[in-house]
S.K.: 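The following block contains the structure, expressed as structure tokens.
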Amino acid sequence: MERLPKYIQCSQGTLWLTEDERDHLKISYRIKDILFEETSPYQHVMVLDSYDFGPMLVLDGVVQTTSIDGHIYNEMIAHVPLSIHPHPRRVLIIGGGDCGVAGEAAKYSEIERIDLVEIDETVVRASRRYLPEIAGNACDPRICFHYQDGVKFAAQARDAYDVIIVDSSDPVGPARQLFEPGFYRSLYEALNEGGLMVCQSQSPIFHAEVMTQSYARIGRLFPHRRLYTATVPTYPGGLWSFTIGSKRALPAPEQIRFDKPARYASGEIVRRCFALPAFLREMLEKDGAAL
Ligand code: SAM
């Protein structure tokens, strides 16, 4: 039997990827084919063709994005802040190696430059080759790739960006620092007057502590902040959160206008994603208050 990649099991001739980063929850995906596998200096990188979610990017055994629902996350983390900022010219994306978010930002003709800071070049190479549905037009000339640690890159940027999007993996490995107060402070300094940042702030169900901690930390730094949600089927529990920290006053949701071509985001969804269920509002009032 040919060697199986790490994290892949074979049961009665069928291949499975089992995500088991949680103590009491395992999620298994039946796999058709292994399209790419490489161990980079940062992580184990795979692109797998799965039966139910199509081709998917997997880092250290954890599904990052899939051809079936990656657009939901990429559209929602990009279009909400880019619709709020009236004149986004310079955008910084930290993480985002599958290039999906960069592709969404490229839909704004007024944007002059998109700096994408991804620590692991392997992720970009694998995504562009095997996930064209997600990596899309990552060849837009405004997208500048920087293969380095986003923490270091942000620390040297000053008053340079209108919108910063932190499209990180979970707070483990190289992404752990992307949830730290010092990193958020660097983002604050890197933003122009009137700039705003957004980060994926994990699951309100399975990562409530990370979500409220990020919300509190961002609230300590930024005068304005807001959390919104979207449902991404491949993420544990589906419901996912995004937290905005802004130097500019945030418009009332009904004032937000969005008109770009998209498969999930629409004007109505971009306005209504800020409507939070009572349990989530209570969590933020209790645990996410800026101390
Ligand atoms: N959309 C996916 C999600 O929500 O899980 C993740 C998108 S992307 C695959 C996450 C990227 O963050 C990975 O490619 C990873 O290499 C990158 N990353 C992790 N830590 C980083 C750091 N310190 N600086 C820059 N990129 C980092």
Side-chain angles (χ1 to χ4, degrees), residues 19 21 27 36 38-48 53 55-78 92-105 115-128 130-131 133-136 138 144-157 164-180 182-184 186-187 190 198-204 206-207 210-211 214 229-243 264:
E19 276 191 343
E21 89 270 24
I27 302 170
F36 177 90
E38 196 169 305
T39 299
S40 80
Y42 301 98
Q43 53 210 339
H44 181 264
V45 182
M46 285 191 288
V47 178
L48 303 175
F53 288 91
M56 53 168 52
L57 174 67
V58 180
L59 300 181
D60 285 341
V62 178
V63 176
Q64 298 293 312
T65 189
T66 82
S67 312
I68 295 285
D69 65 359
H71 66 284
I72 299 174
Y73 169 96
N74 290 327
E75 289 176 12
M76 289 305 285
I77 200 171
L92 171 61
I93 298 170
I94 292 183
D98 54 65
C99 306
V101 175
E104 294 303 326
D115 283 320
L116 189 152
V117 183
E118 162 59 60
I119 201 165
D120 192 348
E121 174 274 337
T122 314
V123 177
V124 175
R125 179 162 38 92
S127 300
R128 292 176 86 165
Y130 295 102
L131 285 168
E133 316 89 320
I134 293 172
C144 309
F145 290 88
H146 308 265
Y147 297 119
Q148 57 182 282
D149 184 342
V151 175
K152 294 193 179 74
F153 187 96
Q156 49 77 42
I164 299 178
I165 299 172
V166 184
D167 175 17
S168 73
S169 20
D170 296 344
V172 292
R176 189 185 303 279
Q177 306 167 77
L178 302 182
F179 291 77
E180 293 300 322
F183 173 66
Y184 292 137
S186 298
L187 298 186
V198 66
C199 61
Q200 72 90 356
S201 42
Q202 301 286 107
S203 162
F206 289 110
H207 312 112
V210 173
M211 180 193 72
S214 297
T229 65
T231 300
V232 186
T234 36
Y235 292 168
L239 186 63
W240 212 252
S241 76
F242 304 86
T243 301
Y264 178 88

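Every number for a ligand or one of its atoms is a count from 1 in the order of the listing. Residue numbers run from 1 in the order of the sequence given.
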S.K.: Can you check whether Leu178 reaches Pro171 side chain to side chain, under 4.5 Å on heavy atoms?
M.R.: no
S.K.: For a quick test of reading the model, state the closest non-hydrogen atom pair linking Phe179 to Ser169 and the distance between them.
M.R.: CE1-O, 3.7 Å
S.K.: Take the angle between the ring planes of Phe36 and Tyr130 and call it parallel below 30°, perpendicular above 60°, tilted in between.
M.R.: tilted
S.K.: One line per pair, note the atom names and distance for all nitrogen or oxygen contacts under 3.5 Å between ligand 1 and the protein.
M.R.:
unit_1, atom_1, unit_2, atom_2, d
ligand 1, 1 (N), Asp167, OD1, 3.1
ligand 1, 1 (N), Tyr235, OH, 3.3
ligand 1, 4 (O), Tyr73, OH, 3.2
ligand 1, 4 (O), Tyr235, OH, 3.2
ligand 1, 5 (O), Gln64, OE1, 3.3
ligand 1, 14 (O), Glu118, OE1, 2.7
ligand 1, 14 (O), Glu118, OE2, 3.3
ligand 1, 16 (O), Gln43, NE2, 2.9
ligand 1, 16 (O), Glu118, OE2, 2.6
ligand 1, 20 (N), Pro174, O, 3.3
ligand 1, 20 (N), Ala175, N, 3.3
ligand 1, 23 (N), Asp149, OD1, 3.0
ligand 1, 23 (N), Pro174, O, 3.0
ligand 1, 24 (N), Gly150, N, 2.8
ligand 1, 26 (N), Ile119, N, 3.2

S.K.: Please work out which of the three classes, parallel, tilted or perpendicular, describes the rings of Trp240 and His207, given edges at 30° and 60°.
M.R.: perpendicular
S.K.: Are the side chain of Glu118 and the backbone of Asp120 linked by a donor-acceptor contact shorter than 3.5 Å?
M.R.: yes
S.K.: His146 vs Phe153 aromatic rings, parallel, tilted or perpendicular, using cut-offs 30° and 60°?
M.R.: tilted
